[in-house]
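The block underneath contains the structure these notes are about, expressed in structure tokens.
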Amino acid sequence: MANTSKRGEISKKLLACTKEATDFQREYYRKGHEAAQRGEPIACLQPEFPFEVMHAMDIMAFSFINFSALLAAKQLSHYYIEVCESKGYFHDLCRYCGKNVLGYLFDTNPEIRPPYGGLPKPTFLGTAGMDDPLPKIGEIQADILKIPKFQIERTYPKAIAKDWWVDPEIDPRRFNHALGEIKRFIYFVEEHTGRGLSESRLRQAVRNSVEVLKYWHKVDDLRRAVPAPISCADYFANIPTWWFYRGTEWAVEHYRKVHDEVKERVDNGVGVIKDEKIRLMWDGFPPWFSLGFFNAFEEKYSAVFAYEFSYHLPLYYENIDLEKPVEWLAYVYSDMFPFAIGIPQLRAQMVRREALEHKIDGVILTRAESCKQFTSYMIVKRTLEEAGIPSIIIDADMVDIRDFDDVRVKAEIGNFIETLTPRRK
Amino acid sequence: MTTFETLQKHYSEHHLFARDWKNKGGKIVGYFCTNTPVEFIHAAGMLPLRIVADPEEEITLADTYMENICCPFVRSCFDLLIKRKFDYLDAIVLPRSCDALVKAYYCLLDAASSYDLPPIFFVDVPRRFGQGQVRYLVDEFNELKQFLEAIVGGNISDENLIESIDVFNQNRALLQEVDNLRRGLYISGTEAYQVIGAGFWIPREIHTQLIQQYLADEHETKISPERVKVFLTGSVQDNLNFISLVEDSGAVVVSDDLCMGTRCYADPVQLKSLLNPIESLAERYLSKSPCARVIPTQLRIDYFKRMVSESGAEGVIFYFLKWCDVIGWDYPRMQAELEKMGIDAILFEGQEYQPAAAQRQRIRLETFVESIQERRP
């Protein structure tokens, strides 16, 4: 087995419902294994796929990227990544969406115990063209699992929307293309599973997604409070709720609880720490192997990771016509994750906005060698400088602890914190 | 000056013809990659000029826009553009060929006003051939046409396009004959790339005339059969640094699947009676010889196998620039296919764009060549 002497830190989670999210996920995986044994269809989709369709058709849906985060959290990533690299995949290729899970699929070592009994074996795969690696990774996964795959194509905007968060200014051609792709996906699922998609059930699933998103955005607003009611640690632990379980009744109920807990903390002035002095923001995917990193500056520096920018979704999703759920999905899919498809200006726009609204004193920009498309800090840094918001760039892969120098990074951030002045007066 | 020397000059001095063309009132559109439909630029009466990097120029200004974990070739091109090394351009066209080019497009938008860049157009070329994707690309091409018409101040008619398609098809067919000379060991790979590549920086009509003269010249067999025939694959080769090293090490590059090699002249546009020229172009650009960006990947793997087999190559050289994800993911499958075919391969991964470690590369190449020579019957 690869050298496992490096281990991440477990985070301090403040919300009771964060544990519920973890429990739900564990139970979901257990049910997935049972469904697989019964021979039911199981989907494995990349995150920007319309999970609502799966929930509306009662098809259990998993995601390799979610499983990758779980592998990292259980300190197994570096092992699986090295398994993948032993098959000839280069070091700097994507690890989060790629080599981590590919290594898991390649691995035949019975001594290794993946979390939750492993990924329930999917019967079909959905791969997206969000960036260069993803379609290829999906093909390799499908080859290993010997299952059919659906490859969804996506398009790119030519112009930068002035306020993408509120109005993405999606070109009707791009929307029509996305609509065609979503419909093509639905036909594929119906053909593959023999199940039909009910429009009314899809409409309900989409409404559930929007309800979750509304709560999520309310939580975002609550997190502007001083002191910060929760840190990134709780936020990241609750990410799967929208990304993978959206469309379900459980997700609505869960995120309502998240909202209520956070609101109670805000109403009572309860913060992550009592004497909050500095508010930090994390830009990028988290180091899933060490979410405790986000608590590392609380005691020594009274610094809290009050906010983050990574998986955030825009306000305009709430305002699309819900009576046409397929069109809603197409609208959302047209521009999902634009900052991840290499539009640094959009990312800069949003990071700047969130940093100002959340009274952030300093932003940590991440450089992940294996995720080049998501790493676009230069324009973001310049935008923050123009807004008078200090930032620092650190090296941090999302799942590969081998390339994360915990001591060095903490020292860099510590030095950075010492240069910061609280902004929120 | 011989015909080859003329071609050689145009290959090595990219800006030579362009500056003269510009001084005489001509317009020039810089483009990236073989996914740009150059026929449109030509049909507009403008010179299509391929933007390439410069291994001798240190990347400096680009660092304020593009992270250093981005493709070094694209970063170098971006650096040259904002340093105004291509200051004669009237427009820039980038296709969605890879993540690095996508990022370059958005960074160029950001840099445009600060560096007085010309208008920039992004052609969103899909990765797969499908009914929806063809329709989408037809619309993209129509938008490109309007963009170019605004630059040149005139219309691009269907007749203009048909004529341009014919110009480029004729040029492609002639370059295929140059390729045959290479495979027949009449010329080296180094010579072939200069003959082929010269066309990126001069009008295709002039390139065609030069190629016709070049083909009419005597070409005796001059490559020793002792040399090991190799096939080159991987990242873009926009200069001769590595290719010369390969051939100095005892090999001859008889073929490739590179965008500045065979893929720039494969696949003529087929005008179909039931399609207008824009639709024909869309179908061609979505179905041409696949590079690593195309899905399904099997199309590329099959193309690679066929090209290697047809070339008669005894060995394959994989050359990957650092941070080149789109190609890197294909390597294990390509290598596995070569093993089945019984063809040796050597890998150069994580290479810097600026020349470096040439001595180490040469040693590895010479060892590779010798190992193949020793196994010859």
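In what follows, chains carry the letters A, B, and so on, assigned in the order in which the sequence lines appear, proteins first and then strands, with residues in each chain numbered from 1. Note that these values count all heavy atoms, side chains included, but never hydrogens, waters or copies made by symmetry.
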Counting heavy-atom pairs under 4.5 Å to chain A, which of [options] comes out on top?
| options | value |
| --- | --- |
| B:Cys71, B:Gly130, B:Ala292 | B:Ala292 |
| B:Arg135, B:Glu143, B:Lys322, B:Arg293 | B:Glu143 |
| B:Leu109, B:Asp63, B:Val125, B:Asp139 | B:Asp139 |
| B:Gly132, B:Pro296, B:Cys324, B:Cys107 | B:Pro296 |
| B:Met66, B:Gln298, B:Glu140 | B:Glu140 |
| B:Pro332, B:Ala336, B:Cys70 | B:Pro332 |

Side chain, backbone, both or neither: which part of [X] has a heavy atom under 4.5 Å from chain B?
| X | answer |
| --- | --- |
| A:Leu102 | side chain |
| A:Lys372 | both |
| A:Glu139 | side chain |
| A:Asp143 | side chain |
| A:Glu153 | side chain |
| A:Ile393 | neither |
| A:Arg173 | both |
| A:Lys183 | neither |

Which atoms of [X] come close to chain A, meaning under 4.5 Å heavy atom to heavy atom: side chain ones, backbone ones, both, or neither?
| X | result |
| --- | --- |
| B:Glu67 | both |
| B:Ile120 | neither |
| B:Tyr65 | both |
| B:Arg96 | side chain |
| B:Arg333 | side chain |

Polar side chain donor-acceptor pair, B:Gln335 to B:Glu339, under 3.5 angstrom
yes
Atom pair [atom1] ([X]) and [atom2] ([Y]), whose distance is rounded to the nearest 0.5 Å:
| X | Y | atom1 | atom2 | result |
| --- | --- | --- | --- | --- |
| A:Leu105 | A:Asn100 | CG | CG | 10.0 Å |
| B:Leu94 | B:Lys103 | CG | NZ | 14.5 Å |
| B:Phe78 | B:Leu61 | CZ | CG | 9.0 Å |

Measure up the B:Phe318 and B:Phe320 rings against each other and bin them: parallel (under 30°), tilted (30 to 60°), perpendicular (over 60°).
tilted
Plane angle bin for A:Tyr80 and A:Tyr104 - parallel if under 30°, tilted between 30 and 60°, otherwise perpendicular
perpendicular
Tell me which of these, [options], has more heavy-atom pairs under 4.5 Å with chain B than the rest.
| options | result |
| --- | --- |
| A:Ile160, A:Asp92, A:Asp132, A:Ile379 | A:Asp132 |
| A:Ile140, A:Asn176, A:Ile137 | A:Ile137 |
| A:Lys87, A:Arg184, A:Glu181, A:Lys381 | A:Arg184 |

Among B:Tyr31, B:Phe141, B:Phe121, ring-ring contact (aromatic ring centres under 6.0 Å, His included) partner for B:Phe40
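So the option named by the test is B:Phe141.
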With a 4.0 Å cut-off, would you call A:Glu385 and A:Arg382 a salt bridge?
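No, no charged N to carboxylate O under 4.0 Å.
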Is A:Lys158 paired with A:Asp171 through a side-chain N to carboxylate O contact shorter than 4.0 Å?
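No salt bridge links A:Asp171 with A:Lys158.
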Which is it for A:Arg174 and A:Ser334 under the side chain to side chain donor-acceptor pair (under 3.5 Å) test, yes or no, and what are the steps along the way?
CA-CA 6 Å; A:Arg174 295 186 59 226; A:Ser334 296; 5.9 Å; no
Would you check, one step at a time, whether the test side chain to side chain donor-acceptor pair (under 3.5 Å) holds for B:Tyr105 with B:Asp124?
CA-CA 11 Å; B:Tyr105 169 66; B:Asp124 190 8; over 6 Å; no
Heavy-atom side-chain proximity of A:Tyr333 to A:Arg154 below 4.5 angstrom
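The answer is yes, as the side chains (C-beta and beyond) meet within the 4.5 Å cut-off.
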Begin with the C-alpha distance, continue with both residues' side-chain angles, and end with the deciding distance and a verdict on side chain to side chain donor-acceptor pair (under 3.5 Å) for B:Thr297 and A:Lys136.
CA-CA 7 Å; B:Thr297 301; A:Lys136 293 186 177 290; 3.3 Å; yes
